[in-house]
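Here the structure is laid out as structure tokens; the discussion comes afterwards.
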Amino acid sequence: MGGLIAQIIMKYSKLADVYEKLEFTSSKLEKTDIISEFLKETPEDILKIVSMLLTGQVFPEWAELELGVGPSLLYDTISFVTGVKPAEIKNLLAKEGDIGNVTEKILKKKVQHILFKKELTVEQVYTSFERIARAYGSGSQNKKVKYLAELLSNASPKEAKYIVRIVLGELRIGVAEGLVRNAIAKAFNIEVNLVERAFMLANHIGIVAKAAKNGKDALEKIRIKVFIPIRPMLAQIAPDIQHVLKELGEAAMEIKYDGARVQIHKKGDEIKIYSRRLENVTEALPDIVKMAREAIKADEVIIDGETVAIDTATGKPRAFQEILKRFRRKHNIAGMLEKIPFETYIFDVMFVNGKETIDMNFRERRQVIEEVIKPVKGKFGTAEQIITSDFDEAEKFYHHALNKGHEGIMIKNLKAPYIPGARVGYMYKIKPTMETLDLVVIGATWGTGKRSGWLGSYFLGVRDEITGEFLPVGRVATGLSEEQLKELTSSLKPLIEYEEGQKVTLKPMLVVEVAYQEIQRSPNYKSGYALRFPRVVRIRDDKSSREADTKDRLISLYNLQATSEKKKLDL
DNA sequence: ATTGACTGCCC
DNA sequence: ATTCTGC
DNA sequence: GCAGAATGGGCAGTCAAT
């Protein structure tokens with residue numbers, strides 16, 4: 001009997017050992033082998049959980065369940081278990097760069113009550129995560145801390161390290177869905193393509209693993225169904241129009257609306273809307289439901305589109321922030337609906353009347369869209385499109401999109417199928433770049449993971465000509481190579497004035513050139529403005545902070561963009 | 001009843 | 001979202 | 001070229017603290 005139980009139960013320490021092995025293996029093929037071997041010996045009842053945990057996820061993104069534990073509650077929990085104060089944990093994290101390693105170290109130092117420990121199983125860990133996720137309402141934060149603390153006090157330092165990383169969604173072992181997907185194919189001897197397709201449709205790597213273990217037939221049963229959302233296809237950034245046209249020849253160009261992705265499912269009178277991450281957002285969008293019911297002329301469909309807020313007075317799209325005010329709203333939905341009306345533009349179709357359309361090419365799919373949708377003017381329609389192989393025409397369309405105040409254009413391969421979840425070279429996005437700003441680095445935070453030991457994110461200031469102050473305009477953390485990060489860290493270290501936890505205050509000396517998509521009004525930064533999608537393009541060793549850009553210039557650039565006079569650098 | 005910190009998810 | 005990096 | 005990792009602004013919802 002003992003033997004039977006031993007077969008079903010898997011110790012969590014075994015999974016932790018695999019995590020560790022993966023963390024210190026760099027070759028992807030080797031990682032795939034390790035995972036594949038592990039999956040082979042994983043009992044079927046826990047294959048679903050184990051596959052998910054290997055990717056560092058607990059619940060699929062479409063599930064309503066979420067842990068509701070972020071850094072703050074986690075540090076409280078670690079503090080509760082170890083007696084080390086949250087402030088000290090933050091200090092350790094600044095030095096160490098990984099909360100899992102910090103937890104492991106603290107626990108190793110602590111003399112544990114080994115006698116009272118039970119050995120954790122994978123199931124127990126998962127069940128604890130579920131309990132944490134299900135705690136809600138008054139007193140729930142205490143409960144979450146209590147459940148997680150229980151888990152950590154029964155864990156070995158190594159087990160705790162990975163539990164803690166999973167809680168924050170930063171497993172950092174160089175394994176995610178892609179490698180687990182390949183490993184599933186290898187473990188159960190099935191072509192990767194088939195596994196990949198099943199994964200795109202099921203959206204749950206565990207379900208796919210289990211099906212794969214049961215053979216090809218079980219995998220092939222995973223099909224597109226109405227009211228089961230599928231991963232939206234994603235676009236790649238294109239260097240420029242010419243480049244894409246050269247590659248594709250004749251292609252479709254569509255306006256790139258700066259809104260939120262909506263995947264609309266309809267069957268008869270019932271309509272559901274899913275977000276890009278497959279959350280059900282139907283309740284927040286009754287106007288889209290109504291319009292969809294009116295505009296869609298098929299009994300059963302799954303379509304893909306973008307919803308955007310248009311200013312009814314000017315016909316121009318409103319700031320993206322306005323969309324956020326409505327998109328996941330739960331209260332006063334009707335009130336905001338009047339203030340911020342949405343227009344929805346459909347650009348793809350995945351399923352019509354019992355049939356998958358994802359294998360049709362885009363030209364054919366567009367035809368289906370036009371047959372299925374009878375536009376309701378200014379409310380619900382198809383994405384504005386032209387088909388051309390001519391550069392001048394393409395450029396004209398790009399300017400047309402920008403003049404209408406939109407984000408840019410999409411260029412799509414007419415021969416391509418719909419590949420859910422993939423960011424493949426079938427869809428390109430082209431957006432203008434704004435004039436850059438030279439801003440002063442006024443602070444930073446110590447990096448984590450592969451940025452451990454370096455300053456990894458930089459607070460930026462814009463110069464106030466009158467007071468000589470540098471007013472915060474947000475932060476930047478991307479655009480820098482590892483070499484530049486190293487260089488910046490060493491040149492900023494002598495400028496440190498004050499340090500607390502991961503935060504560092506700096507003498508305002510160093511200037512960086514920052515690119516961005518848009519200047520936004522911001523209540524969060526003292527300058528009153530912030531940058532959307534900031535990235536460093538150059539370290540301005542040649543400039544002093546007194547030569548940095550001024551608040552006046554920032555404001556005039558902000559005002560310019562309102563009249564859509566964007567500077568296009570990518571033609 | 002109000003405010004603010006935290007979290008998750010849009011881009 | 002953007003960007004960099006190892007494979 | 002893919003996959004993974006590290007990081008951005010800002011919104012509403014939730015819960016704790018006042």
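Not measured: the values here are computed from a predicted model. Naming: A, B, ... by sequence-line order, numbering from 1 per chain.
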Base, sugar-phosphate, or nothing: which does E279(A) touch, judged by heavy atoms less than 4.0 Å apart? sugar-phosphate

Touch check for G425(A), heavy atoms < 4.0 angstrom, all strands: base, sugar-phosphate only, or nothing? nothing

Minimum-distance pair of heavy atoms, taken over all atoms of E306(A) and F347(A): N-CE2, 3.7 Å

Which residue lies toward the 5' end of DNA chain D, N142(A) or T448(A), if each is placed at its nearest nucleotide? T448(A)

Could you report the tightest heavy-atom contact between G425(A) and E247(A), atom names first, then the distance? O-OE2, 4.2 Å

Under 4.0 Å, counting only non-hydrogen atoms across every strand here, what does I173(A) touch: a base, just sugar-phosphate, or nothing? sugar-phosphate

In this structure, are over 12 heavy atoms from other groups packed under 6.0 Å from E500(A) atom CD? no

Verify, without hydrogens or angle tests, whether R326(A) (side chain) and I333(A) (backbone) share a donor-acceptor contact under 3.5 angstrom. no

Spacing of the C1' atoms in dC9(B) and dT7(D) (rounded, Å): 16 Å

Categorize K429(A) for me: base, sugar-phosphate, or nothing, with a 4.0 angstrom heavy-atom threshold over every strand shown. sugar-phosphate

Are the aromatic ring centres of Y162(A) and Y19(A) under 6.0 angstrom apart? yes

How is Y516(A) classified with respect to the nucleic acid when contacts are heavy atoms under 4.0 Å: base, sugar-phosphate, or nothing? nothing

What distance separates I539(A) CD1 from D541(A) CG, expressed to the nearest 0.5 Å? 6.5 Å

Could you identify which residues of residues 519-538 of chain A place a heavy atom less than 4.0 Å from some atom of DNA chain D, listed by residue number, or say none? Q520(A), R521(A), S522(A), N524(A), Y525(A), A530(A), L531(A), F533(A)

Test: E23(A) and K161(A) ion pair at under 4.0 Å: yes

Residue set satisfying side chain to side chain contact (heavy atoms under 4.5 Å, CB included) with E343(A), at least two apart, ordered chain then number -> V308(A), I310(A), Y345(A)

In whole Å, I'd like the distance from the CD atom of E483(A) to the P atom of dT3(C). 19 Å

Short of 4.0 Å, heavy atom to strand atom, which residues of residues 175-183 of chain A count as contacting DNA chain B? none

Identify the two heavy atoms, one from L93(A) and one from I99(A), that lie closest to each other, and give their separation to 0.1 Å. CD1-N, 3.4 Å

Toward the 5' end of DNA chain D, which comes first, Q141(A) or T478(A), by nearest nucleotide? T478(A)

Please find the pair of heavy atoms, one from M233(A) and one from R261(A), that lie closest to each other, and give the distance. O-NH2, 2.9 Å

Show your working on salt bridge (Lys or Arg N to Asp or Glu O under 4.0 Å) between E435(A) and R553(A) and close with a plain yes or no. CA-CA 11 Å; E435(A) 252 177 85; R553(A) 179 163 139 82; 3.3 Å; yes

Under 4.0 Å from a heavy atom of chain A: give me the 5'-most and 3'-most nucleotides of DNA chain B that qualify. dC6(B) to dC11(B)

Are there over 12 heavy-atom neighbours, none belonging to F80(A), within less than 6.0 Å of that residue's CZ? no

For DNA chain B, which residues of residues 319-330 of chain A approach it to below 4.0 angstrom with any heavy atom? F320(A), L324(A), F327(A), R328(A)

Would you sort out whether R197(A) and E191(A) count as a salt bridge (Lys or Arg N to Asp or Glu O under 4.0 Å), showing the intermediate values? CA-CA 10 Å; R197(A) 185 178 171 103; E191(A) 309 92 272; over 6 Å; no

If you take the centroid of each ring, where Trp contributes its six-membered ring, are Y558(A) and Y529(A) closer together than 6.0 Å? yes

Over all heavy atoms of both residues, which pair between L73(A) and G68(A) is shortest? Give the atoms and the distance, please. CD1-O, 3.6 Å

Would you mind classifying the nucleic acid contact of E64(A) as base, sugar-phosphate or nothing, using non-hydrogen atoms under 4.0 angstrom? nothing

Taking any atom closer than 4.0 angstrom to a non-hydrogen atom of chain A, what span of DNA chain D does the protein reach, first nucleotide to last? dC2(D) to dA16(D)

Has K21(A) got more than 12 heavy atoms of other residues, nucleotides or ligands less than 6.0 Å from its NZ? no

